[in-house]
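Only one structure is covered here, and it is reproduced in the block below.
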Amino acid sequence: MLMLLLLLVPALVAGGTECNPRDFGADSVVCVCTASDCDLQGVIPVPGDGLFTIVTSSRDGLRFAQNTSPLESTPNPDADVSLILDHNTEYQTIFGFGGAFTDSTGINIATLPLEAQDFLIRSYFSPDGIEYNLCRLPMAGSDFSIRPYSYDDVEGDVDLVYFNLTIEDYQYKLPYIKQAQQVAHRELLLFGSPWSPPAWMKESGTFNGSGSILKEMWEPYANYFIKFLQAYEAEGAPMWGVTMQNEPMTGLEDWAWNTCYWSPEDTRDWIKTYLGPAMESAGYGDVQLMIDDHNRDTIPAYVLPCLDDAGCYQYVDGTALHWYADWWTSPDSMDETHNLYPEKYLLYTESCDGWNSGPDERVILGSWVRAENYAFDVLEDLNHWATGWVDWNMALSMGGGPNWANNYVDSPIIINTDAGEFYKQPMFYALGHFSKFIPPGSIRMASSVSGPGSGDVIAVAVHNIPSQTDVVIILNRGDSGKSVSVDSGSGVEFMNFAMPAKSITTVLFHEH
């Protein structure tokens, strides 16, 4: 199947292709993709000296609409919103943006005709598309699997003789990872996250529910991680990183799906005694190790026992975060955590909308509200030291997609299995405004926003030193359009343009 799919990849699209819109009764539209037609954003270069390009998506149906104009020598004195860039004040380096290769994602993609599958993967990963580069995958089963499982379900196999990847890896994860690697021009950074150890390693003897791993299983479980890293490397999909446990605090509850409780103190002790040394001795000391992997209301308290301990600190590279508490938790917790340990990065590793909605609203086709939720959260997180942002499932079905826990959520791409087509949600384009235009290695720089219309606006600015290009991404949450004036940082070159109501605009230009 993979070889056939690769034969279908055509040359890169220079200027992009148009959205085929469809209205499902929400506040915006989806873009319809079939086996024969799909909008691709194309290669969008930074314009030459003296010019700037804006790329805009909006509630009213714009999708990556482009316009190039000359820089001006004066700002718009009547601008609703004024931005000033400061190239001399730099913050974090960005790793990238992406989604997750879950079982459900692969199961749903596999229902499409091969040509439509190819369009979907290109839409996410190729230079024609939105150029995802940072992707998560569950280490065995998750809440978006059709069964609970691990990589060694043979009771008492502490030597992991029976460890093996499963049919889910070979049918629903690895084929699409490899296809993404083939079409991508950026290096694909993969990281694994476990939802649960093998059930026989746990106090409860079950994947779900509450409870921790048995302490006598700490060493075998560290070796389980090594087996996973070796197995995926052997398949041509080496890991850039791992998180220690998905949402470790859920194991304190009678949780419906795979989980495992890790206290901050046990996290510290397991990493410094078993997992860290095992990764080093197996040659995986350069694989990124992230802790927490839960909501930002857990920081800094959850990570301090590890980072305050020299033995644990030496093995940990960063803190992984989820977005589910962002609605009620201030991003100041990110600043506090960064200021305590500025050399340990913060990375958003899971986000999805619709998780707290009623059954009939888990998926809303054409929701601009959810696109705006995503864009606002990414902007807020980047402005508080996040080094990247990863969505959850990359593709689900009209009913939410097959999953063991019946925890349907929305997704940037929704598949209509019966029709053999898929729909790019407004969320897809919202994320694309970041993933396509902020390449890995970009550095956030200082920027300020002011003006009578600035209350509706949030923005971030980055520059890419090798290419000497600047990117500004602006979200207008207001119900009216905004006139915008951006000072490039020189005080003598300005970008004056209009933003529609409820829109996202990416600004591209060369810095001097």
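Along the sequence shown, residues carry numbers from 1. These numbers come from the heavy atoms of this one structure, side chains and all, not from hydrogens, waters or symmetry mates.
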Open item on the list: Before we go on, tell me: are the rings of Trp257 and Phe207 under 6.0 Å apart, centre to centre?
Closed with: no
Open item on the list: salt bridge (Lys or Arg N to Asp or Glu O under 4.0 Å), that's the test. Do Lys502 and Glu372 meet it? Break it down for me.
Closed with: CA-CA 8 Å; Lys502 296 289 184 180; Glu372 190 174 276; 3.3 Å; yes
Task: Polar contact flag, side-chain donor to acceptor under 3.5 angstrom, Ser193-Arg136 - done: yes
Open item on the list: Quick one, Asn393 with Thr102, criterion side-chain hydrogen bond (donor to acceptor under 3.5 Å, both in side chains). Give me CA distance, side-chain angles, the key distance, then yes/no.
Closed with: CA-CA 6 Å; Asn393 295 273; Thr102 64; 2.5 Å; yes
- [ ] For side-chain hydrogen bond (donor to acceptor under 3.5 Å, both in side chains), just list the numbers for Asp470 and His510, CA-CA rounded to whole Å, side-chain angles, deciding distance to a tenth of an Å, and then say yes or no.
- [x] CA-CA 6 Å; Asp470 285 355; His510 281 285; over 6 Å; no
- [ ] List the steps and the verdict of ring pair (Phe, Tyr, Trp, His ring centres under 6.0 Å) for Phe434 and Trp389.
- [x] CA-CA 9 Å; Phe434 300 91; Trp389 208 88; 8.1 Å; no
- [ ] Consider only side-chain N and O atoms of Asp153 and Ser150, and report whether a donor and an acceptor are under 3.5 Å apart.
- [x] yes
Open item on the list: For a 4.5 angstrom cut-off between non-hydrogen side-chain atoms, does Pro138 reach Phe101?
Closed with: no
TODO: Dump the intermediate steps for side-chain contact (heavy atoms from CB on, under 4.5 Å) on Thr319 and Met290, then the final yes or no.
DONE: CA-CA 5 Å; Thr319 296; Met290 293 166 272; over 6 Å; no
Open item on the list: Quick one, Glu131 with Tyr124, criterion side-chain hydrogen bond (donor to acceptor under 3.5 Å, both in side chains). Give me CA distance, side-chain angles, the key distance, then yes/no.
Closed with: CA-CA 6 Å; Glu131 301 188 74; Tyr124 271 130; over 6 Å; no
- [ ] Would you mind reporting whether Ile177 and Glu235 have side-chain heavy atoms less than 4.5 Å apart?
- [x] no
Task: Ion pair check, Glu90 and Arg444, cut-off under 4.0 Å - done: no
- [ ] For the pair Tyr224 and Phe163, name the ring-plane relationship: parallel under 30°, tilted 30 to 60°, perpendicular over 60°.
- [x] perpendicular
Task: Asp391 side chain to Ser351 side chain, donor-acceptor N/O pair below 3.5 angstrom - done: no
- [ ] Salt-bridge test for Arg296 and Glu350: reply yes if a basic N is under 4.0 Å from a carboxylate O, no otherwise.
- [x] no
Open item on the list: Please determine whether a side-chain nitrogen of the Lys or Arg among Arg370 and Asp410 lies less than 4.0 Å from a carboxylate oxygen of the Asp or Glu.
Closed with: yes
- [ ] Begin with the C-alpha distance, continue with both residues' side-chain angles, and end with the deciding distance and a verdict on side-chain contact (heavy atoms from CB on, under 4.5 Å) for Met398 and Leu365.
- [x] CA-CA 9 Å; Met398 295 280 282; Leu365 292 172; 3.9 Å; yes
TODO: Using distance alone, with no hydrogens and no angle criterion, decide if His185 and Ser126 have a side-chain donor and acceptor under 3.5 Å apart.
DONE: no
Open item on the list: Can you confirm whether the side chains of Asp128 and Gln41 place a donor and an acceptor under 3.5 Å from each other?
Closed with: no
TODO: Side-chain contact test, heavy atoms from C-beta onward, threshold under 4.5 Å: evaluate it for Phe52 versus Phe497 and give yes or no.
DONE: yes
Open item on the list: If I take atom CD from residue Gln288 and atom CG from residue Leu189, how far apart are they, to the nearest 0.5 angstrom?
Closed with: 9.0 Å
Open item on the list: Whether Asp103 and Arg147 form a salt bridge (side-chain N of Lys/Arg under 4.0 Å from carboxylate O of Asp/Glu) is what I want to check.
Closed with: no
Task: Validation row, ring centre Phe225 to ring centre Phe228 under 6.0 Å - done: no
- [ ] Tell me yes or no: between the side chains of Arg186 and Tyr132, is some donor less than 3.5 Å from an acceptor?
- [x] no
Task: The single option from Phe191, Phe125, Trp240 passing side chain to side chain contact (heavy atoms under 4.5 Å, CB included) against Cys135 - done: Phe125
Open item on the list: Regarding Thr34 and Asp37, do their side chains bring together a donor and an acceptor under 3.5 Å, going by distance alone?
Closed with: no
Task: Derivation of the side-chain hydrogen bond (donor to acceptor under 3.5 Å, both in side chains) call for Ser69 and Asn67 - done: CA-CA 7 Å; Ser69 303; Asn67 185 65; 3.1 Å; yes
Open item on the list: Apply side-chain contact (heavy atoms from CB on, under 4.5 Å) to residues Met495 and Val507 and explain how you reach the verdict.
Closed with: CA-CA 9 Å; Met495 290 153 278; Val507 187; 3.7 Å; yes
Task: Distance in Å, Cys352 SG paired with His322 NE2, rounded so as to fall on 0.5 Å steps - done: 10.0 Å
Task: CA sep, side-chain torsions, deciding dist, call: Gln425, Ile414, side-chain contact (heavy atoms from CB on, under 4.5 Å) - done: CA-CA 7 Å; Gln425 293 271 54; Ile414 297 295; 3.9 Å; yes
Open item on the list: Does either side chain, that of Asp169 or that of Tyr232, offer a donor lying less than 3.5 Å from an acceptor on the other one?
Closed with: yes
Task: Close aromatic pair by centroid cut-off 6.0 Å: Phe119 and Phe422 - done: no
- [ ] Report the distance from atom CG of Asn133 to atom OG of Ser435, rounding to the nearest 0.5 Å.
- [x] 8.5 Å
Open item on the list: Assess, by modelled atom type and distance only, whether the side chains of Ser123 and Lys424 contain a donor and an acceptor separated by less than 3.5 Å.
Closed with: yes
Task: Exceeds 12 heavy-atom contacts within 6.0 angstrom, atom CD of Gln181 - done: yes
Task: Asn464 and Thr469: side chain donor to acceptor below 3.5 Å - done: no
Task: Interatomic distance, Ser28 atom OG to Leu62 atom CG [nearest 0.5 angstrom] - done: 9.0 Å
- [ ] For this output row, return yes or no: ring centroids of Phe64 and His433 closer than 6.0 angstrom.
- [x] yes
Task: Pair Tyr374 and Trp323, ring centroids less than 6.0 Å apart - done: yes
- [ ] Kindly compute the distance separating CZ (Arg362) from CG (Leu396), expressed to the nearest 0.5 Å.
- [x] 12.0 Å
Task: Parallel, tilted or perpendicular: ring planes of Tyr151 versus Tyr149, cut at 30 and 60 degrees - done: perpendicular
- [ ] Check whether the side chains of Asn416 and Tyr423 place a donor and an acceptor atom closer than 3.5 Å, and report yes or no.
- [x] yes
Task: Residue pair Asp326 / Tyr348, side-chain donor-acceptor N/O under 3.5 Å - done: yes
Open item on the list: Checking Ser397 against Thr417: is there a side-chain donor and acceptor pair closer than 3.5 Å?
Closed with: no
TODO: Would you indicate whether the side-chain heavy atoms of Ile504 and Ile473 approach each other to under 4.5 Å?
DONE: yes
TODO: Give a yes-or-no answer on whether the side chains of Glu280 and Tyr315 include a donor-acceptor pair shorter than 3.5 Å.
DONE: no
Open item on the list: Just so I know, are the side chains of Pro412 and Met394 near enough to count as touching, which here means a heavy-atom distance under 4.5 Å?
Closed with: no
Open item on the list: I need the Asn108 CG to Ile415 CD1 distance, nearest 0.5 Å.
Closed with: 5.0 Å
Open item on the list: Is a donor from one side chain sitting under 3.5 angstrom from an acceptor on the other, for Ser503 and Thr56?
Closed with: no
Task: Check ion pair Arg63-Asp39 (N to O, under 4.0 angstrom) - done: no
Task: Distance-only donor-acceptor check, side chains Ser196 and Thr259, under 3.5 Å - done: no
Task: Other residues, nucleotides, ligands: >12 heavy atoms within 6.0 Å of Gln468 CD - done: yes
TODO: Report yes or no: do Glu233 and Tyr284 form a side-chain donor-acceptor pair below 3.5 Å?
DONE: yes
